[in-house]
2 protein chains.
Amino acid sequence: MKIGQVSKKTDLPVQTIRYYETQNLIKSAGRTEGNFRVYDSKVIDQLEFIKHCRHLDLSLSDIKRINELRDNPNAVCEEVNELINDQVKMVKIKMKELRHLKTQLEALTDSCSNNQKVGDCGIIKSLQECDC
Amino acid sequence: MKIGQVSKKTDLPVQTIRYYETQNLIKSAGRTEGNFRVYDSKVIDQLEFIKHCRHLDLSLSDIKRINELRDNPNAVCEEVNELINDQVKMVKIKMKELRHLKTQLEALTDSCSNNQKVGDCGIIKSLQECDC
DNA sequence: TTTAATATCTATAGCCACTATAGAGTCAAG
DNA sequence: CTTGACTCTATAGTGGCTATAGATATTAAA
């Protein structure tokens with residue numbers, strides 16, 4: 001199987017698959033005479049795994065670490081658990097930030113009374129004042 | 001006033017101030033004989049304005065646009081309002097994504113029953129299955 | 001006055017996870 | 001035998017900084 005076919009099956013851009021190779025997340029089975037990458041079907045599962053992890057916003061280095069642990073089934077599960085918990089923490093922090101952001105932005109839009117002229121715009125006035 | 005003093009007053013790294021200059025968000029009033037940037041006090045307000053906007057996660061190009069409109073007080077307010085509304089929309093989308101993420105990640109941690117061994121780890125098993 | 005410390009300068013590279021481009025080579029169908 | 005689709009490598013760009021190296025400038029202490 002060549003890279004284009006892998007791309008179609010996984011719905012990942014060809015470039016991305018090559019990029020994952022440079023990051024040592026996957027390996028091709030070898031090359032053709034013409035230097036084209038050849039893959040066996042195993043890579044589809046690997047890429048789907050990566051996709052799933054990326055969907056959870058795990059970093060490529062986290063994914064790499066999880067892969068290393070997967071290859072070593074006697075390893076202790078704790079590290080994977082910590083990794084996911086850290087991710088949950090990060091997501092919670094980001095959500096909190098966004099909630100704050102939303103509040104501030106909505107206050108801004110409320111301060112625009114459609115005055116038409118920028119010189120009278122409540123938004124710009126508000127941006128000039130500091131409420132941090 | 002030299003850049004170090006501006007940095008202290010605004011609590012922005014010197015590098016960042018220079019970076020904002022390369023992006024045409026601010027200008028120095030000129031240079032000393034020794035080629036050091038010189039600023040007048042106006043720049044403090046400008047940087048505080050930028051800080052405030054960045055705090056709202058507005059992009060530097062958005063900030064630049066707002067500045068252009070500010071310099072032209074007869075411009076129509078609508079564009080600023082749209083810009084902020086778009087930002088609110090983006091924030092809402094991101095929040096939605098994060099809520100989804102959080103749900104999935106928390107389901108994952110629940111599936112780790114502290115089995116100790118990676119080979120039995122519910123998290124890794126779950127990551128292998130696709131529930132998209 | 002010398003010297004040492006501090007501040008500033010430019011230019012460049014790194015971060016992350018891709019994405020896009022250029023230019024060259026490979027391969028299959030008509 | 002040519003056309004077009006595919007693949008290859010290498011490189012640059014994205015955003016908003018941050019960090020570094022190496023040079024120059026200024027200030028304070030000895």
Side-chain angles (χ1 to χ4, degrees), chain A residues 1-39 43 46-67 83 86-87 90-91 94 97 101, chain B residues 1-39 43 46-67 83 86-87 90-91 94 97 101:
Chain A
M1 198 170 20
K2 278 184 290 183
I3 201 165
Q5 218 182 331
V6 175
S7 167
K8 265 181 204 155
K9 286 198 180 182
T10 58
D11 204 33
L12 282 168
V14 166
Q15 308 282 35
T16 302
I17 298 169
R18 284 199 280 249
Y19 174 67
Y20 287 162
E21 188 185 308
T22 69
Q23 303 305 300
N24 299 311
L25 283 167
I26 54 163
K27 267 185 198 169
S28 68
R31 299 280 180 129
T32 65
E33 280 183 17
N35 199 32
F36 286 8
R37 286 170 181 83
V38 178
Y39 296 96
V43 87
Q46 292 172 342
L47 288 171
E48 292 296 343
F49 185 82
I50 295 170
K51 270 177 70 178
H52 199 168
C53 290
R54 287 295 299 134
H55 197 87
L56 298 171
D57 218 18
L58 293 168
S59 70
L60 294 189
S61 69
D62 280 351
I63 298 173
K64 213 173 148 188
R65 184 72 190 129
I66 296 176
N67 273 335
L83 221 143
D86 287 351
Q87 190 69 4
M90 266 190 40
V91 168
K94 275 193 203 166
E97 285 169 1
L101 216 55
Chain B
M1 199 172 17
K2 278 183 288 181
I3 201 165
Q5 217 182 331
V6 175
S7 167
K8 266 180 202 152
K9 286 198 181 183
T10 58
D11 205 32
L12 283 168
V14 166
Q15 308 282 35
T16 302
I17 298 169
R18 284 199 280 250
Y19 175 67
Y20 286 162
E21 189 185 308
T22 70
Q23 303 305 299
N24 299 310
L25 283 167
I26 54 164
K27 268 186 197 169
S28 68
R31 299 281 180 128
T32 66
E33 280 183 20
N35 199 32
F36 286 8
R37 286 170 182 83
V38 179
Y39 296 96
V43 87
Q46 291 172 344
L47 288 170
E48 291 296 344
F49 185 82
I50 296 169
K51 271 176 72 179
H52 199 167
C53 290
R54 287 295 301 135
H55 197 87
L56 298 172
D57 218 19
L58 292 168
S59 69
L60 294 189
S61 69
D62 280 351
I63 299 172
K64 214 174 146 188
R65 184 70 190 129
I66 296 176
N67 273 335
L83 220 143
D86 287 351
Q87 191 69 5
M90 267 191 40
V91 168
K94 275 194 201 164
E97 284 170 1
L101 215 55

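Below, chain A is the first sequence line, B the second, and so on; all start at residue 1.
- One finds the CD1 atom of Ile50(B) at 4.5 Å from the CG atom of Leu25(B) (value rounded to the nearest 0.5 Å).
- Look at CD on Glu33(B): it is 17 Å from P on dT24(D), rounded to the nearest Å.
- A search for side-chain hydrogen bond (donor to acceptor under 3.5 Å, both in side chains) contacts involving Arg18(A) returns Gln15(A), not counting sequence neighbours.
- The side-chain hydrogen bond (donor to acceptor under 3.5 Å, both in side chains) search around Ser61(A) returns Ser59(A), not counting sequence neighbours.
- Annotation: side-chain hydrogen bond (donor to acceptor under 3.5 Å, both in side chains) contacts of Glu21(A) (sequence neighbours excluded): Arg37(A).
- Heavy atoms only, all atoms of each residue included: Gln23(A) and Leu60(A) are closest at CG-CD1, 4.3 Å.
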Legend entry - Per-nucleotide protein contact string for nucleotides 5-18 of chain C, where B marks a base within reach and S marks sugar-phosphate only (heavy atoms under 4.0 Å, - for neither): ---SSB------BB
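- Rounded to an integer number of Å, the gap from CG of Leu47(B) to P of dG16(D) is 16 Å.
- For NZ of Lys51(A), the number of neighbouring non-hydrogen atoms (other residues, nucleotides, ligands) closer than 6.0 Å is greater than 12.
- Rounded to whole Å, the distance from CE on Met1(A) to P on dC27(C) is 18 Å.
- Put simply, the side chain of Gln87(A) gets close to the backbone of Leu56(A): a donor and an acceptor are under 3.5 Å apart.
- Sorted by first then second residue, the side chain to side chain donor-acceptor pair (under 3.5 Å) pairs that include residues 26-35 of chain B, not counting sequence neighbours, are Arg31(B)-Asn35(B).
- When the C1' atoms of four end pairs are superposed on the next four at each end of the helix from dT1(C)-dA30(D) to dG30(C)-dC1(D), using five pairs per end, the two resulting axes differ in direction by 30°, to 10°.
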